[in-house]
Amino acid sequence: SEQVIRRYPLVLLDGLPLSELLEANWEEVKRFKAFPDDLLIASYPKAGTTWLQEIVDMILNDGDVEKCRRAPIYDRIPFLETVEPKPIPSGLDQLAQMARPCVIKTHLPFHLTPKSFWEQDTKAIYIARNGKDNMVSYFYFDQMTTSQPDPGTWEEYFQKFLSGNLTWGSWYDHVKGWWDAKDKHRILYLFYEDVKQDPKREIQKVVRFLEKDLGEETLERIVHHTSFDVMKKNPMANYSIIPKSFFNTDVSQFMRKAGVIGDWKNHFTVAQNEIFDEDYRQKMAATSLKFRFE
Ligand code: A3P
């Protein structure tokens, strides 16, 4: 019988709002030992993480589609801070069994990422998405994901996003923290909007960062295999095999929109947009980090 999964409240772990589910494993996550040749994929939730994961797996497998269909994306690239409940297995348990080095996913802000990654000089790729679309995507995700806190109404969610009272904390701190870190460590910083606009150019950046040499035909195959339409139909990339008790697909889909930029315009009121812009101006005043919202 299917396990019933309830909505777990947030607790503060080292000042970061995280699911109560993570509390028992938190110290172990922080002590995680990286290998120098591991690769970390990092993001704020809903920034295009899965997309980047599929791109990286295709690159590392020289564009071999069959190899990239060997298992669901969360088994090919374990999620460091995932814990029970099933069906997605605990990231730490998976990593303990994984052949290393390997690719690892995290949503941790830079300053709480296990120190070992930076001591080992491990490479990381970060993907960021403009805050307005990121908020909308996260709102739908929190509705469908039964272990996440109840997002409440759109108006309530809008306030939570601005105050950072969400799982993995403030979007602003997250994108800025990794941006500041990128010049001190081997971090490639990508933008969802750029990958959408010119996937081939951005995939080539990843290829170079991973020191791979792939031919034109292989690149084209990667662009095709990781396009929204192909990924949406690929059960190894679209989370569709996760039971409804965990991802309630009656509410929303994991591959929700056609990967569009600017869906926020269908959700933000004029007043909310003004509030967002003013708050954004203040929070982003001291950074060189710039986003495109359309
Ligand atoms: P939307 O909810 O706006 O549709 P993450 O993997 O970090 O959870 O991000 C999920 C978001 O990335 C979803 O955004 C999803 O549709 C989008 N996405 C996933 N694969 C994509 C692809 N191949 N092209 C464009 N967007 C993609």
Side-chain angles (χ1 to χ4, degrees), residues 41-55 73 105 107 109 125-145 148-149 151-179 188-199 201-203 205 226-229 231-232 237-239 247 249 251-284 287-294:
I41 291 183
S43 62
Y44 191 75
K46 313 320 290 175
T49 330
T50 315
W51 192 9
L52 177 59
Q53 284 174 273
E54 193 66 20
I55 289 171
I73 191 69
K105 161 185 160 180
H107 284 321
I125 309 178
Y126 186 81
I127 185 157
R129 186 178 192 181
N130 83 71
K132 295 180 185 179
D133 283 333
N134 206 138
M135 186 197 308
V136 170
S137 183
Y138 208 178
F139 176 60
Y140 283 98
F141 182 76
D142 280 356
Q143 288 182 50
M144 73 180 275
T145 309
Q148 283 277 82
T153 63
W154 167 246
E155 180 59 41
E156 286 162 350
Y157 200 76
F158 179 85
Q159 293 302 335
K160 283 187 210 177
F161 189 93
L162 265 55
S163 65
N165 188 22
L166 299 171
T167 322
W168 285 285
S170 158
W171 174 87
Y172 305 86
D173 293 346
H174 210 283
V175 294
K176 286 191 290 186
W178 279 91
W179 182 252
L188 176 68
Y189 199 108
L190 299 176
F191 294 91
Y192 180 100
E193 293 75 23
D194 290 348
V195 188
K196 184 71 199 167
Q197 183 193 36
D198 193 341
R201 181 192 65 207
E202 298 303 303
I203 289 169
K205 276 188 200 166
T226 60
S227 67
F228 187 91
D229 292 342
M231 271 183 65
K232 192 177 171 73
N238 66 13
Y239 283 89
F247 279 163
T249 46
V251 174
S252 187
Q253 303 286 320
F254 191 86
M255 301 284 295
R256 190 180 60 91
K257 279 263 171 171
V260 295
I261 307 170
D263 186 40
W264 61 269
K265 290 177 188 169
N266 299 316
H267 295 81
F268 279 51
T269 63
V270 172
Q272 282 176 332
N273 197 35
E274 283 168 8
I275 293 167
F276 184 101
D277 286 346
E278 177 53 25
D279 177 72
Y280 184 91
R281 204 179 53 74
Q282 290 175 23
K283 287 180 177 146
M284 305 296 277
T287 177
S288 57
L289 174 58
K290 296 274 175 287
F291 283 93
R292 265 192 297 138
F293 290 90
E294 45 204 301

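- By the 4.0 Å N-to-carboxylate-O rule, Arg292 lies close enough to Asp194 to be salt-bridged with it.
- When all heavy atoms of Met231 and Asn238 are compared, the closest pair comes out as O-CB, 3.4 Å.
- Looking at heavy atoms from C-beta onward, Ile55 lies in side-chain contact with Val195 at the 4.5 angstrom threshold.
- Taking every heavy atom of both residues into account, Val175 and Ala128 meet most closely at CG1-CB, 4.0 Å.
- Ionic pairing of Lys205 and Glu202 is present here: one or more N-O contacts between side-chain nitrogen and carboxylate oxygen are shorter than 4.0 angstrom.
- The structure places CG of Asn165 at 11.5 Å from CD of Glu156, a figure rounded to the nearest 0.5 Å.
- If you take CZ on Phe291 and CG on Asp133, they are separated by 11.0 Å, rounding to the nearest 0.5 Å.
- Between Lys46 and Asn134 the shortest side-chain heavy-atom distance falls below 4.5 Å.
- Residues in residues 160-172 take part in no salt bridge (charged side-chain N to carboxylate O under 4.0 Å, His left out) pair, two or more places apart or across chains.
- Using a 4.5 Å heavy-atom threshold, the side chains of Phe161 and Leu166 count as touching.
- Ring pair Phe141/Tyr138 is tilted by interplanar angle, where 30° to 60° counts as tilted.
- The CE atom of Met135 sits 12.0 Å away from atom CZ of Arg129, with the distance rounded to the nearest 0.5 Å.
- Close placement of the Phe268 and Trp154 rings is indicated, their centers lying within 6.0 Å of each other.
- Figure legend: cation-pi geometry between Lys105 and Tyr126 absent, as NZ or CZ is not positioned both under 6.0 Å from the six-membered ring centre and within 45° of its axis.
- Glu54 and Ala237 make their closest contact through OE1-CB, 3.8 Å (heavy atoms, listed as atom of the first residue, atom of the second, distance).
- When every heavy atom of Asn130 is checked against every heavy atom of Phe293, the shortest pair comes out as OD1-CD2, 3.3 Å.
- Remark: aromatic rings of Phe276 and Trp171 are distant, center separation not under 6.0 Å.
- Gln253 places a side-chain N or O within donor-acceptor distance of the main-chain N or O of Thr249, the cut-off being under 3.5 Å.
- With sequence neighbours excluded, the residues satisfying ring pair (Phe, Tyr, Trp, His ring centres under 6.0 Å) with Tyr157 are Phe139.
- In this structure, the side chains of Trp264 and Val136 come closer than 4.5 Å at one or more pairs of heavy atoms.
- Under the 4.5 Å side-chain criterion, counting only non-hydrogen atoms from C-beta, Ile73 is in contact with Tyr239.
- Summarising the geometry, atom CD belonging to Glu193 is positioned 11.0 Å from atom CD belonging to Glu294; distances are rounded to the nearest 0.5 Å.
- Under the 6.0 Å cut-off for aromatic ring centres, Tyr189 and Trp178 do not qualify, their centroids lying 6.0 Å or more apart.
- The shortest side-chain heavy-atom distance between His107 and Thr49 falls under the 4.5 Å cut-off.
- A distance-only check finds no donor-acceptor pair linking the side chain of Tyr140 to the backbone of Phe254 [under 3.5 Å].
- Checked against side-chain contact (heavy atoms from CB on, under 4.5 Å), Gln282 has the following partners two or more places apart in sequence or in another chain: Glu278.
- For the pairing with Lys132, the salt bridge (Lys or Arg N to Asp or Glu O under 4.0 Å) check across Asp277, Asp263, Asp279 returns one residue only, Asp277.
- The CG atom of Leu289 sits 9.0 Å away from atom NZ of Lys176, with the distance rounded to the nearest 0.5 Å.
- Residues Val251 and Met144 come closest through the heavy atom pair CG1-N, 4.1 Å.
- Asn273 contributes atom CG, which lies 9.0 Å from atom NZ of Lys265 (distance to the nearest 0.5 angstrom).
- Panel note: side chain Ser170, backbone Asp173; a donor-acceptor pair is recorded below 3.5 Å.
- Within the 4.5 Å cutoff, the side chain of Ile275 has heavy atoms near those of the Leu162 side chain.
- Smallest separation of non-hydrogen atoms from Tyr192 and Gly48: CD1-CA, 3.9 Å.
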